[in-house]
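Okay, so here's the structure we're looking at.
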Amino acid sequence: MTKNHAILAGPLVLGLLAIAFCIWSALGNDVNICVTTGCTLYEDFSIAGISLWWVGTAAFAILCIFALLGQREAGRFLAGLFLLGDIGLLLLMAFTAPCVSCLVIALFFALSYFLFRRQGQQGGRNNQAQPLRPSILLWVWLALFVVNLGQVARSQLDVWPILAESDDGNLRMFFSPECRYCIQGIDEYSGNINVSFYPIAENEAEIAQIDRMIDKLNEGMSLAEALAQSRGASFDSFWSAWNPDTILLRFRLLRNKAHIFAQGSQSVPFFERKGLPVELIARESKAAGIAKRQASPSGGDENLPEELLLTGQCGGQVPCPPAN
């Protein structure tokens with residue numbers, strides 16, 4: 001075996017690690033490294049009936065063979081083709097949901113291509129290392145990889161309730177403290193263990209009110225009482241408005257607001273429900289439930305007070321009227 005066909009240790013070791021990870025994932029494992037819905041979405045994804053994990057195993061096995069034979073150029077070309085296919089998968093995940101396990105394999109493909117390119121540059125004239133030229137393929141891959149990482153991070157930032165959410169809670173209410181419709185909803189639902197409350201702030205005054213509400217809740221007040229006691233609250237100083245606790249509060253409120261926008265709404269109160277509506281379960285009240293939903297302009301919900309359904313929402317393009 002000549003020097004030009006020496007074993008390429010870097011791509012070989014990396015390929016063997018990738019094969020082990022693919023087989024480990026294909027056969028199932030007891031360690032869950034995936035924290036996103038993308039893993040469930042793509043776990044049954046296949047090509048011609050063959051799981052992507054076995055396709056990945058075969059791909060890295062071929063790259064290992066080229067590395068064993070010292071085939072730099074052929075290995076680089078094939079690794080580039082595999083990376084191009086992985087870019088397509090990254091693009092698909094960017095528009096659907098990222099899969100953490102898939103991102104690990106994507107990293108293996110990118111590193112394999114990089115190592116084969118570096119070996120190819122080192123095998124130039126007189127075996128002298130040459131400057132590594134930029135790769136458009138790697139830059140496109142990196143951009144999509146970062147986008148998917150951002151989506152993974154975003155998926156872990158859940159909305160924040162002003163009161164600890166009950167495990168039995170099946171209704172979420174997003175509110176702002178100066179919205180009179182929100183006040184009406186809080187008066188109706190405060191103390192109900194099946195409802196969780198999530199504040200948002202439209203302005204600086206509302207941030208101060210929510211900050212005061214937290215203090216009142218810690219004193220043992222109900223949410224409705226804390227809301228009433230926080231009216232007219234304001235920050236006393238720059239430090240009170242921008243201390244670490246308040247900065248964290250601002251971030252949480254912004255995250256709650258972003259969640260509403262992501263659901264296609266800009267208005268409060270905004271309700272989210274978990275589970276099947278009770279009127280669809282109770283067979284004896286089915287007819288009454290249908291009649292009520294048809295009569296209600298918002299679609300109806302037996303868990304919502306009728307007057308709340310009729311008063312509407314505010315926010316977005318519709319400014320909230322001042323609370324009385």
Side-chain angles (χ1 to χ4, degrees), residues 157-263 265-273 298 301 303-324:
L157 299 175
D158 200 4
V159 288
W160 172 73
I162 195 169
L163 289 172
E165 185 174 8
S166 170
D167 292 337
D168 298 328
N170 57 16
L171 190 66
R172 289 178 171 184
M173 175 182 172
F174 291 79
F175 71 94
S176 64
E178 292 187 351
C179 166
R180 70 180 184 186
Y181 307 130
C182 299
I183 296 173
Q184 184 179 357
I186 288 174
D187 288 341
E188 177 71 25
Y189 286 120
S190 180
N192 189 329
I193 63 171
N194 291 321
V195 182
S196 301
F197 299 91
Y198 296 77
I200 69 167
E202 299 287 353
N203 50 53
E204 193 74 8
E206 289 194 337
I207 297 176
Q209 286 182 252
I210 295 170
D211 186 57
R212 178 74 61 83
M213 286 178 65
I214 295 174
D215 293 336
K216 298 300 182 182
L217 288 171
N218 290 334
E219 294 175 4
M221 292 187 180
S222 68
L223 185 64
E225 293 171 336
L227 178 60
Q229 291 293 322
S230 68
R231 293 291 302 276
S234 61
F235 292 115
D236 299 330
S237 63
F238 178 84
W239 172 252
S240 64
W242 293 98
N243 61 57
D245 289 339
T246 312
I247 291 175
L248 178 59
L249 175 62
R250 291 174 183 272
F251 173 77
R252 287 170 167 171
L253 296 177
L254 188 62
R255 180 71 187 100
N256 286 356
K257 191 172 184 180
H259 178 79
I260 294 177
F261 281 25
Q263 304 307 310
S265 176
Q266 298 183 20
S267 303
V268 288
F270 178 80
F271 290 91
E272 284 186 338
R273 169 183 273 180
S298 61
D301 189 329
N303 283 338
L304 301 182
E306 183 177 356
E307 59 271 18
L308 180 60
L309 291 171
L310 298 177
T311 52
Q313 297 177 315
C314 62
Q317 302 300 320
V318 182
C320 289
N324 295 328

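Below, each value reflects all heavy atoms present in this structure, side chains not excepted, and no hydrogens, waters or symmetry copies.
Atom CZ of residue R231 and atom CZ of residue R212 lie 12.5 Å apart, to the nearest 0.5 angstrom. A distance of 8.0 Å separates OG of S222 from CG of L217, quoted to the nearest 0.5 Å. Here CZ of F271 is found 5.5 Å from OH of Y189. Values are rounded to the nearest 0.5 Å. Between the CG atom of L253 and the CG atom of L248 there is a distance of 9.5 Å, given to the nearest 0.5 Å. Between I186 atom CD1 and Y181 atom OH the span is 15.0 Å, to the nearest 0.5 Å.
Every residue two or more places apart in sequence or in another chain that forms a ring pair (Phe, Tyr, Trp, His ring centres under 6.0 Å) with F174 is listed here: Y198, H259, F270. Applying the side-chain hydrogen bond (donor to acceptor under 3.5 Å, both in side chains) rule to K216 yields no partners; only residues at least two apart in sequence or on another chain are considered.
Counting heavy atoms from C-beta on, the side chains of W239 and T246 never come closer than 4.5 Å. Counting only heavy atoms from C-beta outward, the side chains of L171 and V195 approach each other to under 4.5 Å. With a 4.5 Å cut-off on side-chain heavy atoms, P199 and P177 do not count as touching. Taking 4.5 Å as the limit, some side-chain heavy atom of M173 sits within range of a side-chain heavy atom of C182.
Nearest approach of W242 to I247, heavy atoms of both residues: O-CD1, 3.4 Å. The nearest pair of heavy atoms linking F197 to S190 is CZ-N, 4.0 Å.
Side-chain atoms of E206 come within 3.5 Å of backbone atoms of E178 as a donor-acceptor pair (strictly under, hydrogens ignored). Looking at E225, its side chain never comes within 3.5 Å of a backbone N or O of M221 through a donor-acceptor pair. Put simply, the side chain of S240 never gets that close to the backbone of F235: no donor and acceptor are under 3.5 Å apart. Of the possible polar contacts, none joining the D211 side chain to the I207 backbone as a donor-acceptor pair under 3.5 Å is found. Here the side chain of S230 pairs a donor or acceptor atom with the backbone of L227 at under 3.5 angstrom. Remark: side-chain polar atoms of N256 are not paired, donor with acceptor, to backbone N or O of I200 under 3.5 angstrom.
Pairs of residues two or more places apart, or lying in two chains, that qualify as salt bridge (charged side-chain N to carboxylate O under 4.0 Å, His left out) and include a residue from residues 243-254 are E204-R250.
Within 6.0 Å of the CZ atom in F251, the count of heavy atoms belonging to other residues, nucleotides or ligands does not exceed 12.
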